[in-house]
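Accompanying notes for the structure given below.
In listed order, ligands and their atoms are each counted from 1. As the structure is a prediction and not an experimental result, all values here were calculated from the model.
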Amino acid sequence: MNETPPIRPDIAAARLSPAELDRNFADIHPALSPHDAAVEADRCYFCYDAPCMDACPTGIDIPLFIREIQAGNPLGAARTIFSQNILGGMCARVCPTEELCEGACVRQAAEERPVRIGLLQRHATDTMMATGRQPFARAAPTGRHVAVVGAGPAGLSCAHRLAMLGHSVTLYDTRSKPGGLNEFGIASYKAVDDFAQREVDYLLSVGGISLQTGTALGRDISLEALSATHDAVFLGIGLAGVNALGVDGEGAPDCRDAVDWIATLRQAGDLGALPIGRRVVVIGGGMTAVDAAVQARALGAEEVTLAYRRGRDAMNASLYEQELAARRGVRILCHVQPRRVLSHGGVVQGIELERTREEGGRLIGTGATLTLEADQIFKAIGQTLLAAPQDGAGLPALEAGRIRVDAELRTSMPGIWAGGDCITGGLDLTVAAVEDGKRAAMSIHAALLRERP
Ligand SMILES: Cc1cc2nc3c(=O)[nH]c(=O)nc-3n(C[C@H](O)[C@H](O)[C@H](O)COP(=O)(O)OP(=O)(O)OC[C@H]3O[C@@H](n4cnc5c(N)ncnc54)[C@H](O)[C@@H]3O)c2cc1C
Ligand code: SF4
């Protein structure tokens with residue numbers, strides 16, 4: 001009897017050689033040599049009222065640290081950076097500098113090339129971290145104890161500042177490793193050589209912070225219990241949930257959340273062992289979508305299409321990231337929205353998309369469709385605060401689906417602060433989360449001082 005052979009997904013490991021994978025995942029912006037750093041520092045005008053500094057969410061004194069590098073004092077430069085941003089090493093690697101400090105640099109207008117502030121920041125912070133020296137000593141112990149929930153950029157920054165000020169901190173995280181999206185989300189080629197964990201180790205070396213991984217708020221600990229046993233609580237729990245496409249067929253196993261897939265990729269010991277489709281479609285227009293698409297190509301996918309429902313100018317991914325995707329062979333298809341995931345016997349075959357247009361800012365489906373063949377589909381259409389509804393039990397008041405805070409990052413619950421991606425109105429950038437953590441720590445510190453008998 002002749003049976004039709006089952007359709008198999010064209011998803012395979014080791015599409016590229018180890019040498020090709022090494023090349024594709026190599027550091028995207030290699031470090032400057034000390035000589036190149038000195039030459040680059042010389043290009044700075046050390047502007048009075050420097051616009052680059054205003055554009056940095058953490059307010060780093062950029063002209064000062066560049067002058068310190070120019071004077072041959074990279075350790076002093078690192079101290080200047082770390083005093084405002086203890087994750088200055090990661091931010092030097094992942095910040096969209098073209099939209100922040102470098103986008104504001106006056107040399108951009110004069111010569112069409114800004115001072116390479118990000119690389120100079122990396123030069124200084126790498127130099128300091130290589131010495132293993134902590135630039136800050138802890139203040140005398142205050143006897144106060146703060147719980148920080150979430151060991152991502154917001155929680156780490158908050159914990160470090162509180163520890164510096166002499167408070168004891170317990171840092172809880174549901175995952176097995178600290179770092180948040182620095183460890184599980186950021187594209188591999190932005191933070192090579194286990195930088196996220198090295199940075200966490202460096203930060204924790206200030207002392208006074210005890211780390212408790214594998215501990216989830218809502219499962220192992222409650223806000224009520226934390227409030228009862230600590231003098232203050234900071235929530236830096238990020239966005240654990242992801243939005244669904246809401247179309248037929250999206251439950252197929254190879255129609256996956258991009259964030260989840262990137263986390264698997266980031267933790268893979270051997271990239272060659274990670275299966276990837278020959279044809280991949282990524283749905284979305286933000287940083288996560290670009291990172292998933294570029295890394296799918298880097299693993300050896302032959303055709304990668306990023307499908308976005310509006311025009312390029314509406315994409316959350318910056319122009320730089322869009323160009324990076326295009327340079328790495330990703331096709332960007334705009335004005336299409338998903339209609340149906342096509343699969344056969346559970347095996348993804350492709351996706352049906354509907355063309356869209358905008359009318360007065362409103363998105364309208366035109367009814368015209370097209371089909372893209374695909375072995376794997378990654379969904380990257382935004383994240384939400386909670387992974388499951390029960391996780392929300394006991395959280396402070398929300399606004400627009402995230403935790404509502406005041407100007408000092410206090411939540412609706414007394415003694416509980418929050419910051420980073422989990423709060424309303426944030427920038428959803430590493431550097432913004434670091435700033436929130438720092439500001440919340442200063443507010444907690446002031447509150448604890450006020451309460452002192
Ligand atoms: C794929 C991807 C790529 C990105 N790339 C960039 C980039 O290149 N540049 C950039 O500036 N930004 C980037 N971002 C955004 C940036 O990573 C985030 O803005 C930043 O990590 C937010 O920090 P956070 O501390 O608020 O949250 P997170 O980094 O998400 O950390 C939250 C932590 O809380 C923990 N947690 C969650 N729920 C619980 C719970 N119930 N109990 C205990 N712990 C909990 C999590 O395990 C996690 O460790 C990217 C984001 C994604 C998804
Ligand atoms: S704007 Fe540019 S030139 Fe001016 S201080 Fe900043 S980095 Fe230097």
| field | Atom indices of ligand 1 within 4.0 angstrom of Ala154 heavy atoms, with elements | value | 25 (O), 26 (O)
| query | Considering distance alone, does some N or O of Gly419 sit under 3.5 Å from an N or O of ligand 1? | reply | no
| said: Using a 3.5 Å cut-off on N or O atoms only, is Thr288 in polar contact with ligand 1? | reply: no
| Looking at ligand 1, does Leu427 have a heavy atom less than 4.0 Å from it? | no
| note | Atoms of ligand 1 under 4.0 Å from any heavy atom of Asp428, numbered from 1 in the order shown, are 15 (C), 19 (O)
| Would you call Pro153 a ligand 1 contact, heavy-atom distance under 4.0 Å? | yes
| query | Would one find an N or O of Gln383, backbone or side chain, under 3.5 Å from an N or O of ligand 1? | reply | no
| Is Tyr172 close to ligand 1, meaning an N/O of one under 3.5 Å from an N/O of the other? | no
| request: Any atoms of ligand 1 less than 4.0 Å from a non-hydrogen atom of Gly420? List them with their elements. | output: 26 (O)
| request: Determine, using heavy atoms of Arg219 and all atoms of ligand 1, whether some pair is separated by less than 4.0 Å. | output: no
| Any nitrogen or oxygen of Met287, main chain or side chain, under 3.5 Å from a nitrogen or oxygen of ligand 1? | no
| query | Is it the case that Arg256 places NZ or CZ above or below the six-membered ring of Phe378, under 6.0 angstrom from the centre and within 45 degrees of the axis? | reply | no
| message | For the residue pair Glu435 / Gln84, report whether a side-chain donor-acceptor contact shorter than 3.5 Å exists. | response | no
| Looking at OG1 of Thr58 and NZ of Lys438, how far apart are the two atoms once the value is rounded to the nearest 0.5 Å? | 5.5 Å
| query | Would you say Ile262 and ligand 1 have an N/O pair spaced under 3.5 Å apart? | reply | no
| field | Ligand-side contact atoms (ligand 1) for residue partner Leu429, heavy atom cut-off under 4.0 Å | value | 10 (C), 11 (O), 12 (N), 19 (O)
| note | The atoms of ligand 1 lying under 4.0 Å from a heavy atom of Gly150, numbered in the order shown, are 33 (C), 34 (O), 35 (C)
| task | For ligand 1, indicate whether the residue Ala433 contacts it via side chain, backbone, both or neither (heavy-atom separation under 4.0 Å). | result | side chain
| said: Nearest 0.5 Å, please: how far is CZ in Arg79 from CG in Asn73? | reply: 11.0 Å
| Just by modelled atom types, is the Ala298 backbone N or O under 3.5 Å from a matching donor or acceptor in the Arg328 side chain? | no
| query | Can you list the atoms of ligand 1 that are under 4.0 Å from a heavy atom of Ala216? | reply | 42 (N), 43 (C)
| query | Is the Tyr202 to Phe195 ring centre distance short of 6.0 Å? | reply | no
| query | Do you see a donor-acceptor pair shorter than 3.5 Å between the side chains of Gln212 and Thr170? | reply | no
| query | How far apart are the C-alpha atoms of Glu102 and Gln108, what are their side-chain angles, what is the distance that settles it, and do they pass the side-chain hydrogen bond (donor to acceptor under 3.5 Å, both in side chains) test? | reply | CA-CA 8 Å; Glu102 293 179 17; Gln108 164 118 305; over 6 Å; no
| note | From the list Leu372, Val336, Val247, side-chain contact (heavy atoms from CB on, under 4.5 Å) partner of Ile351 resolves to Leu372
| Side chains of Ser227 and Glu224: is there a donor and an acceptor less than 3.5 Å apart? | no
| Polar-atom distance check: Lys190 versus ligand 1, any N or O pair below 3.5 Å? | yes
| Got a second to check how far His445's NE2 is from Arg161's CZ, nearest 0.5 Å? | 10.0 Å
| query | Asp375 versus Val280: any side-chain heavy-atom pair under 4.5 Å? | reply | no
| query | Are the side chain of Glu250 and the backbone of Leu245 linked by a donor-acceptor contact shorter than 3.5 Å? | reply | yes
| said: I need the protein N, O or S atoms closer than 2.8 Å to atom 8 (Fe) of ligand 2, given as residue plus atom name. | reply: Cys44 SG
| request: Could you tell me whether Arg93 sits above the aromatic face of Tyr189, with NZ or CZ closer than 6.0 angstrom to the six-membered ring centre and within 45 degrees of the axis? | output: no
| Hey, is Asn182 touching ligand 1 through its side chain, its backbone, both or neither, going by heavy atoms under 4.0 Å? | neither
| query | Should you measure from each heavy atom of Ile186, which atoms of ligand 1 turn up under 4.0 Å away? | reply | 4 (C), 5 (N), 6 (C), 7 (C), 8 (O), 13 (C)
| said: Under 3.5 Å between any N/O of Glu321 and any N/O of ligand 1: does that happen in this structure? | reply: no
| Distance-only donor-acceptor check, side chains Ser443 and Trp417, under 3.5 Å | yes
| note | So the atoms of ligand 1 within less than 4.0 Å of a heavy atom of Gly180 turn out to be 29 (O), 31 (O), 48 (C), 49 (O)
| task | Would you give the length of the straight line joining atom CD1 of Ile403 to atom CG of Leu398, rounded to the nearest 0.5 angstrom? | result | 6.5 Å
| task | Report the C-alpha separation of Leu385 and Leu395 in whole Å, then their side-chain angles, then the decisive distance to 0.1 Å, and conclude whether the side-chain contact (heavy atoms from CB on, under 4.5 Å) test is met. | result | CA-CA 11 Å; Leu385 176 59; Leu395 278 189; 4.0 Å; yes
| request: Report yes if some N/O of Val431 lies less than 3.5 Å from some N/O of ligand 1; otherwise report no. | output: no
| query | Is there a donor in the side chain of His167 and an acceptor in the side chain of Thr142, or the other way round, less than 3.5 Å apart? | reply | yes
| task | With heavy atoms under 4.0 Å as the rule, classify the contact between Asp291 and ligand 1 as side chain, backbone, both or neither. | result | side chain
| query | With a 4.0 Å cut-off on heavy atoms, does Gly236 reach ligand 1? | reply | yes
